[in-house]
Amino acid sequence: MTFIRAPRGTIDVFPERPEIWQRLEETVRSVCRNAGYTEIRTPVFEHTELFQRGVGEGTDIVEKEMYTFLDKGERSITLRPEGTAPVVRAYLEHKMWAGPQPVKVYYIGPMFRYERPQLGRLRQHTQFGVEALGSSDPALDADVISVLISVYQSLGLEGFVVRLNSIGCSVCRPRYKENLINLLSKDVDELCSDCRRRLERNPLRVLDCKNERCKELAKKLPPIFDHLCEDCARHFRGVTKHLEALGLVYKLDPTIVRGLDYYTKTVFEIIHSGLGAQDALGGGGRYDGLAEELGGTATPGVGFAAGIERAVQVLSDAAGEACEDASNIDVFIAAMGDESKLQAFRITHALRKKGVSSDIDYLDRSLRAQMKYANKQNVKTVVIIGEDELAGDYAIVRDMATGEQTQVPFGNLIQVLAQNTTLLR
RNA sequence: GUAGAUGUAGCUCAAUGGUGAGAGCGCUGGACUGUGGCUCCAGAGGUUGCGGGUUCGAGCCCCGUCAUCUACCCCA
């Protein structure tokens, strides 16, 4: 019988990491609340069609990365690979367009993609994100971007860069693509094999190829900024104007494209050098055509998604081993003998009711071993109870930092420990 | 889907094709019948990922397979 391991591309979060996760999630919630976003929780699985239509048939996500299966009712179900399409689905399904606009929501939850795992890439990972629906105001694009930045700033993270681009709309993007194809087709033989494929499927991707020769050719190509239609150009100027009004630093980058079909106009990424090849902490953009694509009323929207695991990675690198010595409990009660142990059990539970975290030995260990254990747990105060103490109606309270011990009558013990603990905290 | 690297104790790693596969850390116990950290002693813990092959003999060489890591494609 072989041992069952976690499936490929999944992880257990447990050593010191949960603390970073909690801090991150709390920060996301408070920053979002502060900016007027309310939480939305959508299902972890949806009808496969939602992603086929929303994310796009030609995308890698839909083409080869979805966890899709038939349920017992023969429905095709897919574990959500991303959060935007489900949120837009919920917006349409609950007729949120009939209420006050814009609708600003945020989410935190697991996403699933069937990929080969590597640094910063898992099959189940967690994203937080926001979506703002019902307005095409460029100020809203800037609002969304500012939330993303604020989360990392609030966490004290440094060294991230925001990259910004516009990929136009259904009017100007096809024209630009056509232009690229014309310009590149005479150099087809010089492109790498990937780019030759890209030229047919998504010419914009040639712009951010890592191949040296392709980069040279890409440099000669005109940036998309020069080819935006009047509407898109004006919108883009609006976004940069609002970012600058907040003093937010960004880098214009005509090479960023995005892997999902629904993006229009604004697209952006936030990257960090400590992440390896997958250097994006998060990314997003505007998706003015998505609601209609899903069969609903036309509704503009803008949002982003960011990876929790990736943020945890850079945060824990930054923190180093600083947060190692946190203890789980305030007071450990070491006891010898059946009667003392029963007394210790009572005291432990009485302490917990007072808000003092406390625990006892469950392995019938010697006093020495119990002390050793308490020390390993970084407990600040140990209470010692044996026959002598029971007979004398007191307990020994030991301060583990100084080694000082005092005798405290059982009658005062709870109160003394409670006071002690608040002082030590 | 493709490529490379790596699989030996709980962890990090040793071991020219040759005796019974070792060390450090960790864990448990003891020296100290009732007092942690330091020190010393002892103990537990291994199908060398799995399956074949070559060989008198394989942890080591060969083939296959699985897993992990990193990278490509692409993305959080």
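Values reported hereafter were calculated over all heavy atoms of this structure, with side chains retained and with hydrogens, waters and symmetry mates removed. A note on names: the letters A, B, ... follow the listed sequences, proteins ahead of strands, and every chain is numbered from 1.
Geometrically, A:R113 does not engage A:Y67 in a cation-pi contact defined by less than 6.0 Å to the ring centre and at most 45° from the axis. The side-chain tip of A:R123 points at the ring of A:Y114 from less than 6.0 angstrom away and within 45° of straight on.
Taking atom NZ of A:K64 as the reference point, atom P of B:C72 lies 13 Å away to the nearest angstrom. The interatomic distance linking A:I108 (CD1) with B:A76 (C1') rounds to 14 Å, in whole Å. Taking atom CD1 of residue A:I4 and atom C1' of nucleotide B:C66, one finds them 15 Å apart after rounding to whole Å. Whole-Å rounding puts the A:R80 CZ to B:A76 P distance at 14 Å. Computed from coordinates, the A:R197 CZ to B:C72 C1' distance equals 11 Å when rounded to whole Å. Rounded to an integer number of Å, the gap from CD of A:E63 to C1' of B:C74 is 11 Å. The CZ atom of A:R8 sits 7 Å away from the C1' atom of B:A67 (whole-angstrom rounding). Taking atom CZ of residue A:R121 and atom C1' of nucleotide B:C74, one finds them 6 Å apart after rounding to whole Å.
Distance noted for atom C1' between B:U19 and B:G24: 25 Å (whole Å). Taking atom P in both B:G59 and B:G20, the straight-line distance is 11 Å, to the nearest Å. Across B:A15 and B:A21, the matching C1' atoms stand 7 Å from one another, rounded to whole Å. Using atom P as the reference point in both B:U12 and B:C66, the two lie 24 Å apart (nearest Å). Comparing the C1' positions of B:G46 and B:C11 gives an interatomic distance of 15 Å, to the nearest angstrom. The same atom, C1', is picked in B:U48 and in B:A67; the two are 15 Å apart, to the nearest Å. Of the C1' atoms belonging to B:G30 and B:A44, the separation is 14 Å, rounded to the nearest Å. Between B:G7 and B:U16, the two P atoms lie 13 Å apart (nearest whole Å).
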Dot-bracket for RNA chain B, 5' to 3', Watson-Crick and G-U pairs with both distances under 3.5 Å, [ ] for crossing pairs, | for partner on another strand, reads (((((((..((((....[...)))).(((((.......))))).....(((((..]....))))))))))))....

B/S/- along nucleotides 29-41 of chain B (protein heavy atoms under 4.0 Å) is SBB--BBBB----

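Applying the ring-ring contact (aromatic ring centres under 6.0 Å, His included) criterion to A:H349, with sequence neighbours excluded, gives A:F345. When the side chain to side chain donor-acceptor pair (under 3.5 Å) test is applied to A:T84, the partners found at least two apart in sequence or on another chain are A:E131, A:Y262.
Under the salt bridge (charged side-chain N to carboxylate O under 4.0 Å, His left out) criterion, the residue pairs touching residues 255-268 of chain A are A:D231-A:K265, A:R258-A:E269, A:K265-A:D288, with sequence neighbours excluded. The list of side-chain hydrogen bond (donor to acceptor under 3.5 Å, both in side chains) pairs with a residue in residues 141-151 of chain A, not counting sequence neighbours, reads A:Y37-A:D143, A:K104-A:D143, A:D141-A:H235, A:D141-A:T266, A:D141-A:R286. Sequence neighbours left out, not one pair with a member in residues 388-414 of chain A passes salt bridge (charged side-chain N to carboxylate O under 4.0 Å, His left out). Within the structure, every pair that satisfies the salt bridge (charged side-chain N to carboxylate O under 4.0 Å, His left out) test and touches residues 52-70 of chain A, not counting sequence neighbours, is listed here: A:E49-A:R53, A:D60-A:K64, A:E63-A:R201. Sorted by first then second residue, the side-chain hydrogen bond (donor to acceptor under 3.5 Å, both in side chains) pairs that include residues 179-188 of chain A, not counting sequence neighbours, are A:N179-A:H227. Within the structure, salt bridge (charged side-chain N to carboxylate O under 4.0 Å, His left out) contacts touching residues 32-41 of chain A (residues at least two apart or in different chains) are A:R29-A:E39, A:E39-A:R41.
Nearest heavy atoms, A:G355 versus A:D330: O-OD2, 4.5 Å.
For B:A76, its base sits under 3.5 Å from the side chain of A:E115 at one donor and acceptor pair at least.
Atoms CD1 and CZ, from A:I270 and A:R310 in turn, are 13.0 Å apart once rounded to the nearest 0.5 Å. Taking OG1 from A:T59 and CZ from A:F51, the interatomic distance works out to 11.0 Å, rounded to the nearest 0.5 Å.
Among the heavy atoms of the strands, none lies under 4.0 Å from A:A374. Within the nucleic acid shown, A:R198 comes within 4.0 Å of sugar-phosphate atoms alone, with no base atom in reach, counting heavy atoms only. No contact: A:I308 has no heavy atom under 4.0 Å from any strand.
Heavy-atom distances to RNA chain B give each of A:L275 and A:A280 a nearest nucleotide, and the one nearer the 5′ end belongs to A:L275. Nearest-nucleotide mapping onto RNA chain B: of A:A306 and A:Y114, the residue sitting toward the 5' end is A:Y114.
Minimum atom distance to the side chain of A:R258 is reached by B:A76, of the listed B:A76, B:C74, B:A71.
Near RNA chain B, meaning a heavy atom under 4.0 Å from it, residues 39-59 of chain A has no residue at all.
Less than 6.0 angstrom separates the ring centroid of A:F332 from the ring centroid of A:Y373. Ring centroids of A:F225 and A:F236 are separated by less than 6.0 Å, placing the two rings close together.
A close approach under 4.0 Å does occur between a side-chain nitrogen or oxygen of A:Q118 and OP1 or OP2 of B:A71.
Under the 4.5 Å side-chain criterion, counting only non-hydrogen atoms from C-beta, A:S357 is not in contact with A:R352.
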Below 3.5 Å between N/O atoms, which protein atoms pair up with nucleotides 2-11 of chain B? Just atom names and distances, please.
unit_1	atom_1	unit_2	atom_2	d
B:U2	O4	A:R116	NH1	3.4

